[in-house]
Amino acid sequence: MKQKIKNLIYVSFIVVTFGCVTAVKKPSNNVIQNKSGAMSLKIGFPIYLPLVPDRFATKVYILKVSKDKKSFADMELIESTFENRDQVTFLNLEPGEYVIAGFYRRNETSNQTADLYIVLDDTSIEKSKFRVKEKEVTIPGIVYCMIAEDALNLQGNQLLLSKKIAPGIENNTAEVVLTTLVGGHTRQVRIEKITKVKNSQEEIDSFKPTLREIFEGTSWHQYFTNL
């Protein structure tokens with residue numbers, strides 16, 4: 001009996017420490033729009049503690065760059081299609097240039113649970129540009145962000161984008177962390193900046209096994225030419 005208890009404790013430790021492999025999520029929409037592409041990336045918050053994994057975004061918002069719209073806040077905002085194993089994927093993107101506007105993850109601390117929305121500062125949005133090609137999956141790699149040192153409040157593009165990403169949050173713009181009660185859920189918006197991008201060929205290739213598994217058996221499987 002003691003040995004069984006020890007084994008159970010050991011297995012629990014392994015599961016908690018290293019996590020478990022979740023079942024692959026298939027795209028719910030298999031309808032391929034004509035002349036479209038896709039994009040997959042990870043956006044993380046580094047945690048500098050041994051054996052504690054980094055936290056990753058579960059939803060990402062991007063902007064379709066348009067020459068006739070000078071402000072990021074005026075550009076079309078697109079929400080990610082789905083997330084699987086920390087990889088956030090967009091489907092049916094028109095070929096062209098895009099930037100990352102912000103992202104989302106549920107924030108859980110000791111006694112507080114909140115919907116945490118991140119809006120990137122203008123400099124980070126500008127340097128996050130990537131290009132989507134028809135019939136290809138663009139993989140920007142792994143993007144790490146940290147809170148912006150000069151983010152005293154939401155203003156300019158960040159305030160306007162926050163209204164799109166987390167409607168209702170603009171009711172309180174006094175601090176870096178904005179909290180309001182919207183539809184019974186606590187929401188927070190933070191301004192952050194990109195601090196590191198891991199997009200070596202090795203990092204990009206690490207996305208492909210999960211993507212192949214995601215699209216296997218779907219109409220996307222033969223569509224993408226670079227997987």
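The model shown is predicted, which means the values in this text are computed figures rather than measured ones. This chain uses plain numbering: 1 for the first residue, then up along the sequence.
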Partner of Val60 by side-chain contact (heavy atoms from CB on, under 4.5 Å), out of Val88, Thr81, Ile78: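 Of the listed residues Val88, Thr81, Ile78, the side-chain contact (heavy atoms from CB on, under 4.5 Å) partner of Val60 is Val88.
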Please report the interatomic distance CD1(Ile43) to CD(Glu192), rounded to the nearest 0.5 Å.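 Separation between the atoms: 10.0 Å.
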When you compare the side chain of [Y] with that of [X], does any pair of heavy atoms fall below 4.5 Å?
X: Ser128; Y: Val143; result: no
X: Arg190; Y: Tyr117; result: no
X: Met39; Y: Leu93; result: yes
X: Asp74; Y: Lys70; result: no
X: Ser162; Y: Val119; result: yes
X: Ile62; Y: Val99; result: no

Salt bridge (Lys or Arg N to Asp or Glu O under 4.0 Å), that's the test. Do Arg85 and Glu213 meet it? Break it down for me. CA-CA 12 Å; Arg85 297 174 189 169; Glu213 191 176 0; 3.1 Å; yes
Assess whether side chain to side chain contact (heavy atoms under 4.5 Å, CB included) is satisfied between Val137 and Asn226, documenting all intermediate values. CA-CA 7 Å; Val137 181; Asn226 62 332; 4.2 Å; yes
Can you tell me if Asn92 uses its side chain to pair, donor with acceptor, with the backbone of Gln33 under 3.5 Å? yes
For the side chain of Lys127 and the backbone of Ile194, is there at least one donor-acceptor N/O pair under 3.5 Å apart? yes
Do Ile118 and Leu160 share a hydrophobic cluster, counting only Ile, Leu, Val, Met, Phe, Trp and Tyr and linking them when any side-chain heavy atoms are less than 4.5 Å apart? no
Of all the heavy-atom pairs spanning [X] and [Y], show the shortest one and how long it is.
X: Val189; Y: Ala166; result: CG2-CB, 4.1 Å
X: Pro140; Y: Leu41; result: CD-CB, 4.0 Å
X: Leu211; Y: Ser40; result: CD2-OG, 3.8 Å
X: Phe72; Y: Leu63; result: O-CD1, 3.5 Å
X: Val65; Y: Met75; result: CA-SD, 3.8 Å

Under-4.0 Å salt bridge between Glu134 and Lys35: no
Salt-bridged, Lys59 to Glu83, with N to O below 4.0 Å? no
Going through the distances and angles, do Ile125 and Ile100 end up as a side chain to side chain contact (heavy atoms under 4.5 Å, CB included)? CA-CA 6 Å; Ile125 293 175; Ile100 302 169; over 6 Å; no
Take the angle between the ring planes of Phe130 and Tyr98 and call it parallel below 30°, perpendicular above 60°, tilted in between. parallel
How about Phe103 and Phe45: are their ring centroids closer than 6.0 Å? yes
Looking only at side chains, do Thr210 and Asn84 share a donor and an acceptor under 3.5 Å apart? no
Cation-pi check, Lys42 to Tyr144: give yes when NZ or CZ is under 6.0 Å from the six-membered ring centre and within 45° of the ring axis, no otherwise.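 Verdict for Tyr144: no cation-pi partner in Lys42.
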Begin from the C-alpha positions of Ile214 and Phe82 and carry the test side chain to side chain contact (heavy atoms under 4.5 Å, CB included) through to its verdict. CA-CA 11 Å; Ile214 286 170; Phe82 64 93; 3.5 Å; yes
Atom NZ of Lys135 with >12 non-hydrogen neighbours under 6.0 angstrom: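 No, NZ of Lys135 has 12 or fewer neighbouring heavy atoms, counting only those of other groups under 6.0 Å.
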Are more than 12 heavy atoms from other residues, nucleotides or ligands located less than 6.0 Å from atom NZ of Lys208? yes
Checking Ser36 against Tyr223 for the side chain to side chain contact (heavy atoms under 4.5 Å, CB included) test, could you report, in this order, the C-alpha distance in whole Å, the side-chain angles of both residues, the deciding distance, and whether it holds? CA-CA 10 Å; Ser36 67; Tyr223 183 77; 3.5 Å; yes
